[in-house]
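Everything below concerns the one structure shown next.
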Amino acid sequence: MEGRKIVSLTQNRADLRFPFPERFAERVSGQKIVRLGRRAKFLTVELSSGEVLVMHLGMTGRFTVSGHATARYKHETGTDPAHDHVVIVLDSHDIVTYNDPRRFGFMELWPAEQFQSYPRLMAMGPEPLSNHFSAAYLDTALKGKKAPIKAALLDQSVIAGLGNIYVCEALWRAKISPKRLSQSIPGQRAARLAPAINDVIAEAIEAGGSSISDFASASGELGYFQHRFAVYDREGQPCPACGTTIKRLVQSGRSTFYCPSCQR
DNA sequence: CGTGGTCCCTGGGCGC
DNA sequence: TGCGCCCAGGGACCAC
C-alpha cells in the first residue's frame with residue numbers, strides 16, 4: 001500500500017466501536033499513503049495530507065486486500081458482506097476491505113505533527129521485540145506491583161502488544177504461575193520471562209499468527225501458531241512438558257490457561 | 001494511584 | 001429445530 005494513492009473510501013455505517021472521523025471519506029480520498037506502521041496493536045497510516053489514520057482491529061477486525069478484479073472479493077468463499085464496514089480502493093485497483101462482526105475495532109484521524117500526544121498511545125510500554133525491552137526493564141517495571149503477573153503482562157503500559165493468548169503461552173514457557181504477584185518476579189524469574197515473551201512473539205509471527213475463528217492475514221491466509229499452543233484453550237488436556245492436566249481460571253475477566261505443576 | 005469489574009457487539013457451541 | 005446461556009483475540013471507563 002505504501003506509495004499508492006487512495007482513490008475512494010466507502011463507509012457502510014456510522015461507527016465501529018467509536019464514531020468514524022468527521023468527513024472521513026473526504027479527508028482520506030485522494031491522499032497518498034506515505035508510510036504504514038504499527039505501535040502495540042494499533043495500525044498507523046501516514047497520509048500525504050499530514051494526518052495519520054490510526055486503526056485497531058479489536059477482537060474480530062480483519063483487513064483483506066483483494067486484487068484488481070472487484071468481482072474476486074465478492075465471489076471468494078468465506079466472505080461476509082454484512083460486516084464489511086469500510087472499503088478502500090487504491091490507484092493500483094487493489095481493494096482493501098475492513099470486516100469486523102463485533103465492531104470492537106476503530107479508525108481515527110490525528111495530526112501527524114501531534115502524534116506523540118495521541119492519547120491512546122501515550123502510556124504504552126516498550127515493544128517486546130525492541131531494544132527497550134529486556135529482563136532489566138521487567139525487573140524495574142514489576143517491582144512493587146501487587147497485581148498478578150498475568151494482569152501485569154496484559155497491561156499495555158507495562159509491555160505493549162501482548163494479548164491473552166501470548167501472555168498465557170509466555171508464562172508457561174517461563175514456568176511462572178499466572179497467579180504469582182508481579183513484585184515477586186524480578187530476579188531469576190524476570191530473566192526467564194523476558195526471553196520467553198520474545199520467543200513466543202517471534203515464533204507466532206513466523207507461524208503467521210494464531211487463527212482461532214476470525215484471524216487471517218490480508219491475503220486471507222490462516223495462521224498456524226494455534227497448533228503450537230502449549231496451554232491456551234487446552235483446559236483438560238495434558239501439559240506438553242509434564243503431562244499434568246491443564247487448568248483454566250478467570251483473572252480480571254479473562255480466561256487464563258496454565259500447568260499447575262510446571263508453573264510456580 | 002492502582003486494581004478489578006462491567007460493558008461495548010455478534011456469533012458459535014452447548015445443554016435442554 | 002429452537003431457546004437460553006456461556007464464551008471469545010481488546011480495551012475504555014467507572015467505582016473503590
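Worth knowing before you read on, the calculation uses all heavy atoms, side chains too, and leaves out hydrogens, waters and symmetry mates. The chains referred to below are lettered A, B, ... by the order of the sequence lines, with proteins before strands, and numbering in each begins at 1.
Atoms CZ (A/Phe63) and P (C/dG9) sit 21 Å apart, rounded to a whole Å. Following rounding to the nearest Å, A/Asn99 (CG) and B/dG11 (C1') show an atom-to-atom distance of 13 Å. Whole-Å rounding puts the A/Gln226 CD to C/dA8 P distance at 17 Å. Between the P atom of B/dG2 and the CG atom of A/Leu181 lies a distance of 16 Å, rounded to the nearest Å. Atom CG in A/Leu57 sits about 10 Å away from atom C1' in C/dG9, given to the nearest Å. Going from atom CG of A/Asp233 over to atom C1' of C/dC6 covers 14 Å, rounded to whole Å. When rounded to the nearest whole Å, the span between CZ of A/Arg62 and C1' of C/dG9 equals 13 Å. Counting to the nearest Å, the P atom of C/dG9 and the CD atom of A/Gln156 are 14 Å from each other.
Comparing B/dC1 with C/dG11, their P atoms are spaced 22 Å from each other, to the whole Å. Straight-line distance between the P atoms of C/dC5 and B/dC7: roughly 15 Å, to the nearest whole Å. A gap of 16 Å separates the P atoms of B/dC9 and C/dC14, to the nearest Å.
A/Ile165 pairs in a side-chain contact (heavy atoms from CB on, under 4.5 Å) with only one of the listed residues (A/Asp233, A/Val200, A/Ile212, A/Val231), which is A/Ile212. Of the residues listed (A/Val89, A/Leu53, A/Leu47, A/Val45), the one engaging A/Ile6 in a side-chain contact (heavy atoms from CB on, under 4.5 Å) is A/Leu47, and it is the only one. Checked against A/Glu108 for a side-chain contact (heavy atoms from CB on, under 4.5 Å), the options A/Tyr118, A/Phe24, A/Phe20, A/Phe42 give a single hit: A/Tyr118. Of the residues A/Phe18, A/Phe104, A/Phe106, the one that meets the ring pair (Phe, Tyr, Trp, His ring centres under 6.0 Å) test with A/His56 is A/Phe106.
Atom CG of A/Leu153 and atom OG of A/Ser182 lie 7.0 Å apart (nearest 0.5 Å).
Looking at heavy-atom distances under 4.0 Å, A/Ser157 makes no contact with the nucleic acid at all. Across all strands, A/Thr60 comes closer than 4.0 Å to no nucleic acid atom at all (heavy-atom distances).
Of the side-chain N and O atoms in A/Tyr232, one or more sit less than 4.0 angstrom from OP1 or OP2 of C/dG9.
A/Val34 and A/Leu9 fall into different hydrophobic clusters, where Ile, Leu, Val, Met, Phe, Trp and Tyr side chains are chained together by heavy-atom contacts under 4.5 Å.
Under the 4.0 Å criterion applied to side-chain N and carboxylate O atoms, A/Glu127 and A/Arg38 are assigned as salt-bridge partners. Here A/Glu203 pairs with A/Arg173 in a salt bridge; the nearest charged N to carboxylate O distance falls below 4.0 Å.
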Checklist entry - What is the per-nucleotide protein-contact pattern of nucleotides 3-10 of chain B, from the 5' end, where B denotes a base atom under 4.0 Å from a protein heavy atom, S denotes such proximity for sugar-phosphate atoms only, and - denotes neither? => result SS---BBB
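Checked by atom type and distance alone, the side chain of A/Gln156 pairs as donor or acceptor with a backbone atom of A/Leu162 at under 3.5 Å.
For the strand DNA chain C, secondary-structure stems (runs of at least three Watson-Crick or G-U pairs, all distances below 3.5 Å) span B:2-8 with C:10-16, B:10-16 with C:2-8.
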